[in-house]
Amino acid sequence: MEKLIVALTGAGISAESGIPTFRGKDGLWNKFRPEELATPEAFFRDPKLVWEWYDWRRGLIAKAEPNEGHKTLAKIEKEFPHFYLITQNVDGLHQKAGSEKVIELHGNIWKVKCVNCKYETYEYRTPLPEIPPRCEQCGGLLRPGVVWFGESLPMDALQKAYELSRESLIFIVIGTSAVVYPAAELPYIAKENGAEVIEVNPEETPISRIADKIFREKASTGLKKVYDYLKDRYGAER
Ligand code: NAD
Ligand code: ZN
């Protein structure tokens with residue numbers, strides 16, 4: 001593979017769309033306890049409580065629009081044929097901005113899965129008419145189609161993400177606190193295999209130590225600079 005450019009995004013890229021991140025100032029974990037909301041145990045203990053929380057987040061996300069950061073990544077995909085996007089986000093805003101080659105590591109908040117018969121579908125209604133929602137096939141309990149703490153990531157997405165990270169020449173990390181594994185491992189794998197690592201984040205993260213280039217700013221403005229940099233580097237010879 002030639003001139004592979006890979007981006008890894010986290011909750012920070014959607015912050016400017018009004019979607020709260022998990023960690024950092026204004027992060028959701030300052031107000032909620034993840035072990036009470038984002039684990040399989042929490043769900044089976046109190047599916048109604050967990051669904052109320054997801055219903056609230058789905059409502060926020062439904063009103064959100066992609067911001068300049070999402071849009072710049074979609075533009076990079078259009079202009080650089082060897083570009084791939086890996087996201088930890090579940091909000092679907094990359095796709096809404098026009099990105100097509102998106103690998104979702106943590107699922108999608110619009111997806112629902114039956115815990116009984118494993119039926120999967122997309123459910124876009126918000127607020128949900130019934131909480132917790134029920135499976136249209138068997139009447140079983142539906143759960144959000146996202147990856148919770150303590151769960152493994154979808155194997156196909158994870159394998160693709162490892163492969164892209166190993167083969168990337170440029171690896172751009174945007175808006176992730178880089179503490180949730182295995183996603184946090186990807187920039188290190190890229191670096192070990194010779195990639196140039198670029199970080200876009202207003203705050204320092206563990207990735208800052210291995211980054212070759214850092215844009216210590218918001219995704220909207222930082223990604224414009226990344227775009228200019230890619231153009232300078234590859235634009236002419238593409
Ligand atoms: P995180 O909340 O742990 O970290 C957010 C990071 O974004 C921080 O480093 C912060 O400094 C940075 N940030 C804040 N504003 C920014 C901006 N305008 N531009 C760029 N960076 C900014 O997020 P994470 O690392 O993605 O955490 C992992 C988990 O959170 C994932 O599992 C993900 O599924 C989940 N999550 C997803 C969403 C979403 O889909 N929008 C929202 C919250 C959490
Ligand atoms: Zn079912």
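Just so you know, ligand 1 is whichever comes first in the structure, and atom 1 is the first atom listed for that ligand.
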- Task: May I ask whether Val147 and Tyr162 are part of the same hydrophobic cluster, defined by side-chain heavy atoms of I, L, V, M, F, W, Y residues being less than 4.5 angstrom apart, directly or through others?
- Result: yes
- Task: Could you tell me whether some N/O pair between Ser177 and ligand 1 is separated by less than 3.5 angstrom?
- Result: yes
- Item | Opening angle at the Zn ion (ligand 2) [SG, Cys114; SG, Cys138; to 10 degrees] | 100°
- Task: Determine whether the side chain, the backbone, both or neither of Thr21 has a heavy atom under 4.0 Å from any heavy atom of ligand 1.
- Result: both
- Item | Closest candidate by heavy atom, reference atom 42 (C) of ligand 1, pool Ala178, Ser14, Pro20 | Pro20
- Val180 heavy atoms within 4.0 Å reach ligand 1 at atoms 28 (C)
- Note on the structure: Atoms of ligand 1 under 4.0 Å from any heavy atom of Ala11, numbered from 1 in the order shown, are 2 (O), 23 (O), 24 (P), 26 (O), 38 (C), 42 (C), 43 (C), 44 (C)
- Query: For the rings on Trp110 and Tyr124, is their centre-to-centre separation under 6.0 Å?
  - Reply: yes
- Would you say ligand 1 has an N or O under 3.5 Å from any N or O of Gly175? yes
- Ile13 N/O to ligand 1 N/O under 3.5 Å: no
- Among Gly222, Pro206, Gly12, which residue places a heavy atom closest to atom 13 (N) of ligand 1? Gly12
- Could you name the option among Phe215, Trp148, Phe149, Phe22 that has the heavy atom nearest to atom 44 (C) of ligand 1? Phe22
- Phe215 and Asn201: side chain to side chain contact (heavy atoms under 4.5 Å, CB included), yes or no, with the steps? CA-CA 7 Å; Phe215 297 100; Asn201 197 313; over 6 Å; no
- Heavy atom of Ile174, distance to ligand 1 below 4.0 Å: no
- Do we get Lys160 above Tyr84's six-membered ring, with its NZ or CZ under 6.0 Å from the centre and within 45° of the axis? yes
- Query: Within 45° of the six-membered ring axis of Trp51 and under 6.0 Å from that ring's centre, is NZ or CZ of Arg58 located there?
  - Reply: no
- Query: Does a sphere of radius 6.0 Å around NZ in Lys218 hold more than 12 heavy atoms from other residues, nucleotides or ligands, not counting ones at 6.0 Å or beyond?
  - Reply: no
- Plane angle bin for His70 and His94 - parallel if under 30°, tilted between 30 and 60°, otherwise perpendicular: perpendicular
- Message: Heavy-atom distances under 4.0 Å decide this one: backbone, side chain, both or neither, for Ala219 against ligand 1?
- Response: both
- Sole residue of Leu141, Leu142, Asn116, Val112 in side chain to side chain contact (heavy atoms under 4.5 Å, CB included) with Arg134: Leu141
- Message: Test of understanding: given a 4.0 Å heavy-atom threshold, classify the contact between Lys218 and ligand 1 as side chain, backbone, both, or neither.
- Response: both
- Query: Near Glu120 CD, under 6.0 Å, is it more than 12 heavy atoms from other residues, nucleotides or ligands?
  - Reply: yes
- Does the N or O separation between Glu217 and ligand 1 drop below 3.5 Å for any pair? no
- Query: Just heavy atoms, cut-off under 4.0 Å: does Ile19 contact ligand 1 by side chain, backbone, both, or neither?
  - Reply: side chain
- Would Lys101 count as a cation-pi partner of Phe83, with NZ or CZ less than 6.0 Å from the six-membered ring centre and within 45° of the ring normal? no
- Item | Heavy-atom nearest option to atom 8 (C) of ligand 1, drawn from Asn201, Leu153, Val147, Leu60 | Asn201
- Message: Out of all atoms in ligand 1, which are within 4.0 Å of some heavy atom of His106? Include the element for each.
- Response: 31 (C), 32 (O), 33 (C), 34 (O)
